[in-house]
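This report refers to the structure that appears directly beneath it.
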There are 2 protein chains.
Amino acid sequence: MASNAVMEETLQILKDHKLRVTPQRHIILAYLVSHHNHPTVEIIRDALGKELPNMGASTIYNTLNTFVDHHLVVELQNGDGSTHYDYFGTPHYHAICTNCGRIVDVTYPGFSDTEKGLEEKTAEISGYMISGNHMEVYGLCPECQIKLGIKNNE
Amino acid sequence: MASNAVMEETLQILKDHKLRVTPQRHIILAYLVSHHNHPTVEIIRDALGKELPNMGASTIYNTLNTFVDHHLVVELQNGDGSTHYDYFGTPHYHAICTNCGRIVDVTYPGFSDTEKGLEEKTAEISGYMISGNHMEVYGLCPECQIKLGIKNNE
DNA sequence: TAATAGATGAGAACCATTCCAATGTAATGA
DNA sequence: TCATTACATTGGAATGGTTCTCATCTATTA
């Protein structure tokens with residue numbers, strides 16, 4: 001269960017985006033804000049089952065799609081066949097393990113300059129009016145490197 | 001139909017990757033090498049129907065997945081529900097229209113430095129052993145800007 | 001040329017996601 | 001506060017892209 005602070009914060013986020021505040025939206029957003037586990041719809045359903053047992057899968061899909069439209073949340077694919085969701089409160093990107101699918105958030109000072117540079121170059125070259133970007137980096141997570149007996153040569 | 005030069009080039013690519021050379025693989029790769037239309041399985045099937053009328057959808061999926069595993073081809077989602085494929089001969093990334101789904105290839109001098117920088121930072125921060133990345137930029141393509149009557153303020 | 005590991009093809013199966021229609025409810029304003 | 005209404009939620013059915021199965025075929029090799 002999310003803290004009071006998170007509940008207040010997420011309530012405000014919904015209002016700021018002029019989204020009708022329903023218990024379902026509130027609790028789903030609070031879950032995403034307070035967890036960085038990049039959940040699927042199924043994981044969210046299981047996690048919130050105690051608080052809203054009758055919440056339909058369609059509602060979760062609808063809600064997440066709404067959040068994505070409002071750029072509150074981003075969708076991620078890690079190769080397991082279902083979509084993962086991540087609250088996008090602060091700019092970051094994702095490293096995805098090609099072996100186990102683990103997703104971790106990454107950022108560093110100067111990342112936003114990299115982003116900005118990419119977007120400006122893209123606008124210049126393609127003529128697109130840019131609204132956003134996605135960056136992902138693939139590789140083996142530390143656990144899988146060990147599991148697969150791979151030597152890191154540095 | 002792909003040119004002789006493309007057929008020779010793609011034959012060599014298959015051999016270099018130690019992939020068994022079948023007519024299906026050869027023609028699909030040749031199609032991808034000579035078209036930059038980011039096709040779906042259905043589009044490929046239609047385009048090659050005259051040359052190999054009995055080619056099954058499973059074969060196209062199998063073939064493309066094999067190419068993806070060998071990093072010859074990348075998968076793209078533009079929001080229309082199906083996967084698009086792109087031969088990845090030279091480093092580039094994609095700009096995707098959020099209105100009509102149009103995908104265009106983009107690159108610029110210095111892009112590979114941006115990529116390299118991102119990968120190095122990611123390895124350093126996450127401990128992942130990096131094998132690749134994907135960058136995408138979203139926005140409205142020039143046609144949709146006009147269609148939607150959007151003024152470009154620059 | 002024979003042996004065989006691997007590829008193909010047709011259709012069934014899968015399953016994440018969307019659609020639909022009925023019901024419920026949050027926001028608005030009188 | 002209450003009535004109105006536009007929007008959200010539900011649950012189940014439908015959708016459709018992708019994978020699976022397995023019998024058949026074939027590219028490679030020795």
Tell me if the centroids of the rings in B:H134 and A:Y138 come within less than 6.0 Å of each other. yes
Just call it for B:T40: base, sugar-phosphate, or nothing, with non-hydrogen atoms closer than 4.0 Å on any strand. nothing
Length of the line joining A:D69:CG and D:dA8:P, which is rounded to integer Å: 12 Å
What's the verdict on side-chain hydrogen bond (donor to acceptor under 3.5 Å, both in side chains) for A:Q12 and A:D16, showing C-alpha distance, side-chain angles and the deciding distance? CA-CA 6 Å; A:Q12 195 54 50; A:D16 289 348; 2.9 Å; yes
Grab the NE2-P distance between A:H26 and D:dA8 for me, whole Å please. 16 Å
Proximal nucleotide (of D:dT10, D:dG17, C:dT8) relative to the B:Q24 side chain: C:dT8
Counting any heavy atom closer than 4.0 Å, what does A:S58 reach on the DNA or RNA strands: base, sugar-phosphate only, or nothing? base
Within a 6.0 Å radius of atom CD on B:E143, are there more than 12 heavy atoms belonging to other residues, nucleotides or ligands? yes
Indicate the ring-plane relationship of B:F88 and B:H92, choosing parallel, tilted or perpendicular according to the 30° and 60° boundaries. tilted
Starting the side chain at C-beta, find the nucleotide from D:dT26, C:dT17, D:dT18 nearest to B:Y61. D:dT18
Output yes when at least one side-chain N/O atom of A:R25 is less than 4.0 Å from OP1 or OP2 of D:dA8, else no. yes
With a 3.5 Å distance limit and no angle check, can you tell me whether B:R25 reaches the backbone of B:L14 through a side-chain donor-acceptor pair? no
For A:R20 and D:dT5, what is the distance between atoms CZ and P respectively, to the nearest whole Å? 14 Å
Quickly work out the A:L52 CG to C:dG24 C1' distance and round it to whole Å. 14 Å
For B:N54 and D:dA23, what is the distance between atoms CG and C1' respectively, to the nearest whole Å? 16 Å
Mind checking B:D80 for me? I need base, sugar-phosphate or nothing, with any heavy atom below 4.0 Å counting as a touch. nothing
Nucleotide nearest B:S82 (side chain, heavy atoms from C-beta), chosen from C:dA27, D:dT18, C:dA7: D:dT18
Could you please name the option among C:dT18, C:dG9, D:dT9 that lies closest to any side-chain atom of B:M55? C:dG9
In whole Å, I'd like the distance from the CG atom of B:L14 to the P atom of C:dA7. 12 Å
What's the CG-P distance between B:N62 and C:dA5, to the nearest Å? 20 Å
Which sits closer to the 5' end of DNA chain D, B:T22 or B:N65, going by the nucleotide each is nearest to? B:N65
Along DNA chain D (nearest heavy atom to each residue), the more 5'-positioned of B:V41 and B:K15: B:V41
Please report, rounded to the nearest Å, how far the P atom of D:dT18 is from the CD1 atom of B:I60. 11 Å
Counting side-chain heavy atoms from C-beta on, which of D:dA6, D:dT9, D:dT18 comes nearest to A:T59? D:dT9
